[in-house]
Trainee: 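Okay, handing you the structure first.
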Amino acid sequence: MLRKIVTKIIHDAIEDARNSGLVPPDIKPNFIIEIPREEGFGDYSTNIAFTLAPVLKKKPVDIAGMLAGLMKKSTSCNSIEVAGSGFINFSLKDELWQQLLADVHRKGTESLYPDVGGGKKVLIEFVSANPTGPLHIGHGRGAAVGDVLANILQKTGHFVQKEYYINDAGRQIKTLGRSTFLRFKELTGDAVEYEKDLYQGDYVRELAGRAIEEKLPVPADPEEAVSFLAQFASRAIMDGIEKDLGDFGVFFDNFFLESTLYASGIVDETLRILKQQGIAYENDGALWFKTSLFEKDEDRVLIKSDGENTYFTSDIAYHLDKFKRSFDMLVDIWGSDHHGYIPRLRASVQALGRNKEDLKFLLIQFVTLIKEGKPVGMSTRSGEFTTLREVLDEVGRDACRFFFLMRKSDAHLEFDLDLARKTSNENPVYYIQYAHARIESIFRNAADAGVDLEAIAGADCSLLVLKEELELIKWITRYHGVLEGSSRNLEPHRIAFYLIELVGRFHSYYNKTRVLGTDIELTRCRLLLLGALRGVIRDGLGLIGVSIPERM
RNA sequence: GCGCCCGUAGCUCAGCUGGAUAGAGCAACGGACUUCUAAUCCGUAGGCCGUAAGUUCGAAUCUUACCGGGCGCGCCA
């Protein structure tokens, strides 16, 4: 948050150096300011001397010394030091941090939200599982990542919509209809041969059973019965999916049906555009898309020689539709097994005249469930066989969501069910929630002791002089940068890691320092500190979608 | 065969788009509850960042080649 002060100091120093002829007038500074890993290196640090070294043909240390010399006149720093082989380290005055804390407390956690998007409209499409079976654990991970990413983007200056796409026009739904139909016949006493490529799950038999129980008017004609049962089954499964998602805390703004693409004529329009531009061409009786024009990938078929569209065609149309709904940026969240599909879709948005940066992909790697130290199921892809519902019922929503957010989305996730269920110090969810409960408890005790909680807003923050207190302040305000990085890079997991780090500082402080004491002024400002901290913890947990207990 | 992702402490993982002596948590060991919640804290130990070159002031991070694991490469959906 105070980075801009450092930025100005550096720019001023360069300006001074130019004026006094120490550097050429046309020099253009190129540098970064970072928070050093080591606390001893100050609050911020810059590498400017290294980037200037080749230009000025001098040693970095000397350049750093020269610039630091010009900076000494600054009033916002305790120290500006040259360290290592040429870093310039800045230590800002404590009062700046104390003042910033007071600001954050007064204006609320929102004042720490960075504006990354500038009002940009973003559509995040995720889960998008076909209603042919219940959501498995991999879908759950995608749901958590998508939902939290949406929250993050929303808070950082984007207008966000969440969408679930359903392939209701394809063969999978027909297969579901046939599966249900055969189970239906089975249950009504007919001998049937259940083919291998039909859906094997028990839920199909249950659905068929329900159709019988509820005395649904299943048509006598087999073909009609299949499509009737396809309708019934997919609707019922979709209801179940929405229920699972709801219980998981994930809600969509829109469910988009593939069939509407055909009804609205946008598929035809897509093909027309592609043909007009010569990006679609005929060969062997099929219509092809010239992927190779945009990406390192082979050309792909749009219309098969039997006249049927491929899924690729409706996917292009779908993305055209998204852009037509005036979204500036699209985010597609897919299972990583679909990564091979990315080049052609990326090519297609370029064919439609958009920048390739307008479509971003997030890949969700497989989840391996671990129980008693061993992977659940026969395969490492056990996630395929365990439903979200089962895990949700077993470990609860909080642990489930948090665990999904504890890894980069494109990295394999080992989900330790025993750990997630533990209400102990090994479980990071409780570690964070416990910090909040402790703070709440302190506030309750303060109120009981007659401390005027309204008055803490005016507390004198200059009393917060302990090393731990200043570090806590810095970590609280760092929320700004974490949100920014998380938003810019589309990496929700950063929030989870930040929260663990943040409350770690708090727990440590708590064990060492008493907040409520006889010195009322000191008590007030420490409560102010905890108030701001509580705000960030709540905000962060809210972002992840984990509950915020007042007591534990 | 080609392409994408991953390889960091015994285990699970971070590492802020190239920075300083590579960090957490768990497991191991040793400590701290008559004091705001011990679901916590403090300390010790643990490393050739898969391997080998390259790029430069500087590489876990970028390039290339190998090794090992995962996943994709259809006029399938």
Trainee: Considering only the P atoms, how many Å lie between B:G54 and B:G70, rounded to the nearest integer?
Mentor: 32 Å

Trainee: Report the distance from atom CG of A:D315 to atom C1' of B:C76, rounded to the nearest whole Å.
Mentor: 13 Å

Trainee: Syn if the chi torsion is within 90° of 0, anti otherwise; quick check, which is B:C13?
Mentor: anti

Trainee: Choose from B:G3, B:A38, B:C75 the nucleotide whose nearest atom is closest to any side-chain atom of A:W288.
Mentor: B:C75

Trainee: Just to confirm, is there a sub-4.0 Å distance from OP1 or OP2 of B:G25 to any side-chain nitrogen or oxygen of A:N427?
Mentor: no

Trainee: What is the glycosidic conformation of B:U21: syn, defined as within 90° of 0, or anti?
Mentor: anti

Trainee: So which one's nearest nucleotide on RNA chain B is more toward 5', A:S441 or A:E501?
Mentor: A:E501

Trainee: Base, sugar-phosphate, or nothing: which does A:A286 touch, judged by heavy atoms less than 4.0 Å apart?
Mentor: base

Trainee: Are OP1 or OP2 of B:A39 and a side-chain N or O of A:Y430 less than 4.0 angstrom apart?
Mentor: no

Trainee: Evaluate the side-chain proximity of A:Q172 to A:N167: yes if any heavy-atom separation is below 4.5 Å, no if none is.
Mentor: no

Trainee: If you check every side-chain atom of A:V301, which of B:C75, B:C4, B:A77 has the closest atom?
Mentor: B:C75

Trainee: Quote, to the nearest angstrom, the C1' distance that separates B:G72 from B:C16.
Mentor: 31 Å

Trainee: Could you tell me whether A:Y510 contacts a base, only the sugar-phosphate backbone, or nothing, with contacts defined as non-hydrogen atoms closer than 4.0 Å?
Mentor: base

Trainee: Measure centre to centre between the rings of A:Y318 and A:F256, then say whether the value is under 6.0 Å.
Mentor: yes

Trainee: Given the side-chain rings of A:F404 and A:F415, with only the six-membered ring counted for Trp, is the space between their centroids under 6.0 Å?
Mentor: yes

Trainee: Please name all residues satisfying ring pair (Phe, Tyr, Trp, His ring centres under 6.0 Å) with A:F289, sequence neighbours left out, ordered by chain then number.
Mentor: A:F312

Trainee: Without decimals, in angstroms, what is the distance between A:L419 CG and B:A27 P?
Mentor: 10 Å

Trainee: Taking only the P atom of each, what is the distance from B:U17 to B:C33 in whole angstrom?
Mentor: 43 Å

Trainee: Sugar-phosphate means primed atoms, P, OP1 and OP2; the rest is base. With that split, encode nucleotides 10-20 of chain B 5' to 3' as B, S or - using protein heavy atoms under 4.0 Å.
Mentor: --SSSSBB-BB

Trainee: When the P atoms of B:A32 and B:A38 are considered, how many whole Å apart are they?
Mentor: 16 Å

Trainee: For A:I173 and B:A77, give me the distance from atom CD1 to atom P, rounded to whole Å.
Mentor: 14 Å

Trainee: Given the C1' atoms of B:G25 and B:A14, what is the spacing between them in whole Å?
Mentor: 10 Å

Trainee: For Watson-Crick and G-U wobble pairs within 3.5 Å on both distances, what is RNA chain B written in dot-bracket notation, | included for inter-strand pairing?
Mentor: (((((.(..((((.....[...)))).(((((.......))))).....(((((..]....)))))).)))))....

Trainee: When you look at A:K155 and A:D539, which way does the salt bridge (Lys or Arg N to Asp or Glu O under 4.0 Å) test go after all the steps?
Mentor: CA-CA 10 Å; A:K155 284 203 176 172; A:D539 203 79; 3.0 Å; yes

Trainee: Give a yes or no on whether the ring-centroid distance for A:F90 and A:Y44 is below 6.0 angstrom.
Mentor: no

Trainee: Would you mind reading off the distance between A:Q365 atom CD and B:G72 atom P, rounded to a whole angstrom?
Mentor: 10 Å

Trainee: Take atom NZ of A:K304 and atom C1' of B:C76, then tell me their distance rounded to the nearest Å.
Mentor: 7 Å

Trainee: Using a cut-off of 4.0 Å on non-hydrogen atoms, how would the nucleic acid contact of A:S409 be classed: base, sugar-phosphate, or nothing?
Mentor: nothing

Trainee: Mind checking if A:H507 touches a base, just sugar-phosphate, or nothing, with heavy atoms under 4.0 Å?
Mentor: sugar-phosphate

Trainee: A:D268 and A:Y262: side-chain donor and acceptor closer than 3.5 Å?
Mentor: no

Trainee: How close or far is atom C1' of B:A77 from atom CH2 of A:W334, stated in whole angstroms?
Mentor: 13 Å

Trainee: Which of the following nucleotides, B:C41, B:A38, B:G74, is nearest to the side chain of A:R300?
Mentor: B:G74

Trainee: Starting at CG of A:D284, measure out to NZ of A:K304 and round the result to the nearest 0.5 Å.
Mentor: 15.0 Å

Trainee: State whether A:Y431 places a side-chain N or O below 4.0 Å from either non-bridging phosphate oxygen (OP1 or OP2) of B:C41.
Mentor: yes

Trainee: In whole Å, I'd like the distance from the CG atom of A:D299 to the P atom of B:G74.
Mentor: 13 Å

Trainee: Do we see a donor-acceptor contact under 3.5 Å between the side chains of A:R534 and A:H436?
Mentor: no

Trainee: Quantified in whole Å, what is the C1' atom distance between nucleotide B:C67 and nucleotide B:C29?
Mentor: 36 Å

Trainee: What do the steps show when you test A:L261 against A:Y165 for side-chain contact (heavy atoms from CB on, under 4.5 Å), and what is the final call?
Mentor: CA-CA 11 Å; A:L261 292 169; A:Y165 179 70; 3.6 Å; yes

Trainee: Taking the six-membered ring where the residue is Trp, are the ring centres of A:H339 and A:F361 under 6.0 Å apart?
Mentor: no

Trainee: Roughly, in whole Å, what's the span from CG in A:D62 to P in B:C57?
Mentor: 16 Å

Trainee: Closest-nucleotide mapping onto RNA chain B: is A:P54 or A:S336 further toward the 5' terminus? I mean the 5' end.
Mentor: A:P54

Trainee: Anything under 30° is parallel, anything over 60° is perpendicular, the rest tilted; go ahead and classify A:F497 against A:H493.
Mentor: perpendicular

Trainee: When you compare B:C2 with B:A45, how far apart are their P atoms, in angstrom units rounded to a whole number?
Mentor: 48 Å

Trainee: Please report the distance separating the C1' of B:A24 from the corresponding atom of B:U63, rounded so that it comes out in whole Å.
Mentor: 31 Å

Trainee: Counting any heavy atom closer than 4.0 Å, what does A:N167 reach on the DNA or RNA strands: base, sugar-phosphate only, or nothing?
Mentor: nothing

Trainee: Can you find a side chain N or O atom of A:R444 that sits less than 4.0 Å from OP1 or OP2 on B:U37?
Mentor: no

Trainee: Which listed nucleotide (B:C71, B:U37, B:C76) is nearest to the side chain of A:R171?
Mentor: B:C76

